[in-house]
Trainee: 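Here's a structure for you.
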Amino acid sequence: QQKKTAALLAHNERILSKSFTTTTYREDQELKAQEEELLKDFENISSDEEEKQVLNKYREQRLKEIKGTVTTNLSKKRFGSLKEISANQYVKAIDNEPPNVCVIVHLYENSIPQCRLLNECLIYLARKFVKAKFLRILASDLEFDPVGLPALLVYKNGELIANLVKITEQIGEINFDSDTVEEVLIKYGAINKNEDIDDLYLEDYTTSRILDEDEE
């Protein structure tokens, strides 16, 4: 019986060691499957009630440690760039994120000046709001009508929360900047100044404000 118990604990350790080196929502679902597997093991281990209680305490402690690691990793996940994707990457790039991450997708064409300008704005915003995921994809890859460009689509927890087709109708056709785009994204809940902004950006911003005030 001791050998069986030792073998089960070793097996559980192997399972737990493979969990959550990343922070995707899909992997979060795998934890539930691991919990169910552990439960089945405990049901079959022994009829000894005292032994079951000891093993159950061990199981609860390890699961608590795993969940703590997942929570920590989720809070630290950062992106920081505007990433180009293709049509066959589209669904995975959106669905493989935790439910607290907003995914902002720019549908664009290089031949449209407003798309090029919006790309520049999003590159800056991606560096500033590092906890939001910024993507871009050629509209032609999705067979999207260019009359609706530039377009921003915002997803959270796999659901479309903002459909900003022809976004220039809100920000203007020319001379818009990153501050204007930022205001629109905040309005639709795509980014959050209190949660998504980069700490290093805040430090640099505060330092520059102090230097400006000293010069005055």
Side-chain angles (χ1 to χ4, degrees), residues 77-216:
K77 186 159 189 181
R78 299 158 65 90
F79 299 96
S81 64
L82 176 62
K83 182 179 179 181
E84 181 89 20
I85 60 171
S86 60
N88 60 0
Q89 296 172 312
Y90 191 88
V91 174
K92 186 176 180 180
I94 294 167
D95 288 348
N96 273 23
E97 295 304 332
N100 65 324
V101 172
C102 271
V103 182
I104 301 160
V105 185
H106 179 206
L107 277 61
Y108 77 103
E109 288 294 339
N110 284 317
S111 59
I112 300 176
Q114 291 84 355
C115 289
R116 296 197 299 269
L117 179 55
L118 184 55
N119 271 330
E120 293 299 319
C121 294
L122 294 177
I123 289 171
Y124 169 79
L125 291 176
R127 293 172 182 164
K128 180 178 178 180
F129 295 93
V130 295
K131 293 182 182 178
K133 184 176 183 178
F134 287 81
L135 305 172
R136 69 178 186 179
I137 181 171
L138 286 168
S140 55
D141 283 359
L142 298 177
E143 298 181 356
F144 185 86
D145 192 335
V147 73
L149 301 180
L152 288 182
L153 305 180
V154 183
Y155 297 86
K156 190 170 185 179
N157 197 16
E159 300 292 332
L160 183 67
I161 64 171
N163 185 7
L164 305 176
V165 173
K166 197 69 175 178
I167 191 175
T168 47
E169 293 181 354
Q170 296 192 45
I171 61 178
E173 289 288 337
I174 57 174
N175 297 328
F176 61 85
D177 57 18
S178 58
D179 288 340
T180 306
V181 179
E182 178 180 325
E183 289 176 4
V184 173
L185 292 177
I186 291 174
K187 175 183 175 182
Y188 286 93
I191 53 178
N192 187 313
K193 277 192 173 183
N194 297 323
E195 299 176 6
D196 298 332
I197 198 166
D198 187 9
D199 294 336
L200 294 176
Y201 173 88
L202 285 176
E203 290 177 8
D204 292 343
Y205 177 76
T206 303
T207 302
S208 64
R209 286 289 301 275
I210 293 173
L211 290 175
D212 290 342
E213 290 174 1
D214 289 344
E215 290 176 0
E216 291 176 2

Trainee: Taking the side chain as C-beta and beyond, is there a heavy-atom pair between Leu118 and Thr168 under 4.5 Å?
Mentor: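 They are not in contact (no side-chain heavy atoms under 4.5 Å apart), so the answer is no.
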Trainee: Could you check whether any side-chain heavy atom of Leu135 comes within less than 4.5 Å of a side-chain heavy atom of Tyr90, counting everything from C-beta outward?
Mentor: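 A side-chain contact under 4.5 Å is absent here.
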Trainee: Any side-chain heavy-atom pair from Val181 and Phe176 closer than 4.5 angstrom?
Mentor: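 Yes, close enough: below the 4.5 Å cut-off.
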Trainee: Determine yes or no for a side-chain-to-main-chain donor-acceptor pair under 3.5 angstrom, with Arg116 supplying the side chain and Asn110 the backbone.
Mentor: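 Indeed, once roles are kept as given, a pair shorter than 3.5 Å links the two residues.
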Trainee: Determine yes or no for a side-chain-to-main-chain donor-acceptor pair under 3.5 angstrom, with Lys133 supplying the side chain and Ala93 the backbone.
Mentor: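 Yes; judged by distance alone, with no hydrogens or angles, the pair exists.
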Trainee: Within the structure provided, determine whether Phe79 and Val101 are in side-chain contact (heavy-atom separation under 4.5 Å).
Mentor: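 Counting from C-beta outward, Phe79 and Val101 do come under 4.5 Å.
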Trainee: For residues Val147 and Lys166, report the shortest heavy-atom separation together with the two atoms involved.
Mentor: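 Closest approach of Val147 to Lys166: O-CD, 3.5 Å.
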Trainee: Count the heavy atoms belonging to other residues, nucleotides or ligands that lie under 6.0 Å from CD of Glu143, then report whether that count exceeds 12.
Mentor: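 Atom CD in Glu143 is not crowded, with 12 or fewer foreign heavy atoms closer than 6.0 Å.
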Trainee: Please name the residue in the list Asn163, Val103, Leu164 that meets the side-chain contact (heavy atoms from CB on, under 4.5 Å) test with Leu153.
Mentor: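 So the option named by the test is Asn163.
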Trainee: State, yes or no, whether a side-chain contact exists between Lys193 and Phe129 at a heavy-atom distance under 4.5 Å.
Mentor: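 Yes; the side chains approach each other to less than 4.5 Å.
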Trainee: If we only count heavy atoms from C-beta on, is the Glu84 to Tyr108 side-chain gap below 4.5 Å?
Mentor: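 Side-chain contact under 4.5 Å: yes.
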Trainee: Taking the side chain as C-beta and beyond, is there a heavy-atom pair between Glu109 and Leu138 under 4.5 Å?
Mentor: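 Yes, their side chains come closer than 4.5 Å.
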Trainee: Taking the side chain as C-beta and beyond, is there a heavy-atom pair between Leu152 and Val184 under 4.5 Å?
Mentor: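 No, every pair of side-chain atoms sits at 4.5 Å or beyond.
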Trainee: Test Cys102 against Leu185 for side-chain contact (heavy atoms from CB on, under 4.5 Å), laying out the working first.
Mentor: CA-CA 11 Å; Cys102 271; Leu185 292 177; over 6 Å; no
Trainee: Is there a donor-acceptor pair under 3.5 Å between the side chain of Glu182 and the backbone N or O of Leu125?
Mentor: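 Pair absent, no side-chain N/O of Glu182 close to backbone of Leu125.
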